[in-house]
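Below is one structure, written out as structure tokens, with a few remarks after it.
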Amino acid sequence: MFTLLKNIECYYPKYAGKKNFLISFDKIYKILPAQDKCEINICDRIIDCEGLTAFPGLIDQHVHITGGGGEQGFGTRIKEIDIGEILMTGVTTVVGLLGADGYTRSLEVLYAKAKALELEGITTFIYSGSYEVPAVTLTGNIAKDLIFIDKVLGAGEIAISDHRSSQQDLNKMLELSSQTHLGGMIGGKAGVVHLHVGDGKSGLKILKDILNNSDLPIEMFVPTHVNRNPELFREAIEYCRSGGNIDLTAGEKVGIPVPEAIKTLIDQNVDISRVTVSSDANGGSPQGVAAKINVLFDDLKDCVVNKKINPEIFAVSTENVAKILKLYPRKGVLKENSDADILIIDSNFNVKMLFSMGKLLIENGCVTESISGG
């Protein structure tokens, strides 16, 4: 019933020094200074973590769990994501979504895949919708999806400034956003509108128009892919300064890579608490090649190892995401009574262990046999 992690350096994601963690069932039961004695006789398992470091499990808010792609024909469809791929990168919570293809892929299958991944040990949520507006839904209405479907956190990924979007006008976007906001309020959910921002000439214009022509709260919108080109990134910086959230896409090669983007944001004194990073895993590309979920951890590692940014930057994929999605303090932080989602790495930033909801799913860098079907 109890697992004790001894002598582990901790980032909550703020640095907290060396601690002992006592895990009970799916929760962090106690966090004690490493020098304090624990009642080890109540522990079923004791793990000495000397030389290791703990972070909250990563939250990836943009994953094509049923696959994406297909925009260059049926032969470019991307397969579903595998649980092993997720766990080996330190991710314990994912939000699944549809992309450009809301026709041959469905929300029903997305929901089923989310439930399957949950049975394999991680926490899952989904967005209703796809690129187009009016949005595809499970119940016929975005607000009803948020109210009645347990896993739905908001609408996404709704495309703007992209030739693949439905070229929606302001009134349609206002209606979608209002339904999402109301559904979130009634359903006790975040009610976020997760926006795919393309390379189009209008940038964030329609998002600014929504905010200028309504009383909707700015924090409910999460524009993603904003590091895809320099001009959009500059616009995103100013949007963030105005109080908005921005989401960077990991693994970016053509635009501004995440480590470089975060270094720029820090140097320009932008509020990092409004910045998040996601992977766009298993989404398609013009070449029909899938994005990999490992880019999220790799970019965070690169921030620390090569850009010399404080490891507290892991907050962009832990605490910051949890607060935007209204999962905090259950998720995104190492605190007593929070979910026992704990990423443990060695001094070379190799994933050594991963606890998800209190279950040890990665041990010595390998997926354990406790995973369903494993």
Side-chain angles (χ1 to χ4, degrees), residues 1-6 8 10-13 16 19-32 38-49 52-61 63 65 83-84 86-96 111 113-126 149-153 188-190 297 314-315 317-323 325-345 351-364 366-374:
M1 299 301 180
F2 288 94
T3 296
L4 175 63
L5 305 180
K6 295 174 56 181
I8 190 163
C10 295
Y11 286 85
Y12 284 176
K19 302 291 182 180
N20 291 338
F21 279 81
L22 192 60
I23 300 170
S24 176
F25 294 99
D26 59 344
K27 300 293 183 182
I28 298 173
Y29 177 65
K30 283 289 183 183
I31 302 176
L32 301 167
C38 295
E39 295 294 331
I40 61 174
N41 58 309
I42 69 171
C43 298
D44 302 278
R45 176 170 49 189
I46 300 173
I47 304 174
D48 191 347
C49 298
L52 302 179
T53 303
F55 294 89
L58 303 184
I59 305 170
D60 195 337
Q61 65 178 315
V63 183
I65 58 176
I83 185 64
I86 297 171
L87 296 175
M88 289 302 296
T89 60
V91 173
T92 54
T93 302
V94 299
V95 185
Y111 180 87
K113 176 65 175 180
K115 296 292 280 188
L117 289 173
E118 189 171 72
L119 290 173
E120 292 180 296
I122 65 171
T123 303
T124 60
F125 300 97
I126 63 173
I149 308 298
D150 57 344
K151 291 197 171 296
V152 176
L153 293 181
K189 310 278 190 67
F297 180 82
F314 269 67
S317 293
T318 57
E319 184 177 34
N320 295 2
V321 189
K323 287 182 174 179
L325 298 182
K326 293 191 177 178
L327 302 176
Y328 182 90
R330 177 189 163 199
K331 299 288 186 184
V333 67
L334 301 179
K335 291 180 63 174
E336 292 178 0
N337 298 317
S338 294
D339 287 350
D341 296 343
I342 308 171
L343 165 62
I344 300 173
I345 64 172
V351 176
K352 300 299 291 183
M353 285 181 276
L354 183 69
F355 287 85
S356 179
M357 299 291 289
K359 294 181 180 180
L360 182 59
L361 300 184
I362 296 290
E363 187 173 16
N364 296 320
C366 299
V367 177
T368 69
E369 294 182 358
S370 63
I371 296 176
S372 300

Any side-chain heavy atom of [X] sitting closer than 4.5 Å to one from [Y]?
| X | Y | answer |
| --- | --- | --- |
| Val351 | Leu343 | yes |
| Ile362 | Val367 | yes |
| Asn20 | Ile31 | no |
| Gln61 | Leu153 | no |
| Leu325 | Lys331 | no |
| Glu336 | Lys30 | yes |
| Phe21 | Cys49 | no |
| Ile23 | Phe355 | yes |

Main-chain N/O of [Y] paired with [X] side-chain donor or acceptor, under 3.5 Å:
| X | Y | result |
| --- | --- | --- |
| Lys151 | Thr124 | yes |
| Asp339 | Lys27 | no |
| Asp341 | Ser356 | no |

Please round to the nearest 0.5 Å and tell me the distance separating atom [atom1] of [X] and atom [atom2] of [Y].
| X | Y | atom1 | atom2 | value |
| --- | --- | --- | --- | --- |
| Glu118 | Met357 | CD | CE | 8.0 Å |
| Asp150 | Ile126 | CG | CD1 | 8.5 Å |
| Ile47 | Ile344 | CD1 | CD1 | 7.0 Å |
| Ile345 | Phe297 | CD1 | CZ | 5.0 Å |
| Ile59 | Thr318 | CD1 | OG1 | 6.5 Å |

Checklist entry - Can the ring centroids of Phe314 and Tyr11 be said to lie less than 6.0 angstrom from one another? => result no
Checklist entry - Should the heavy atoms of other residues, nucleotides or ligands under 6.0 Å from OH of Tyr29 be counted, would the total exceed 12? => result no
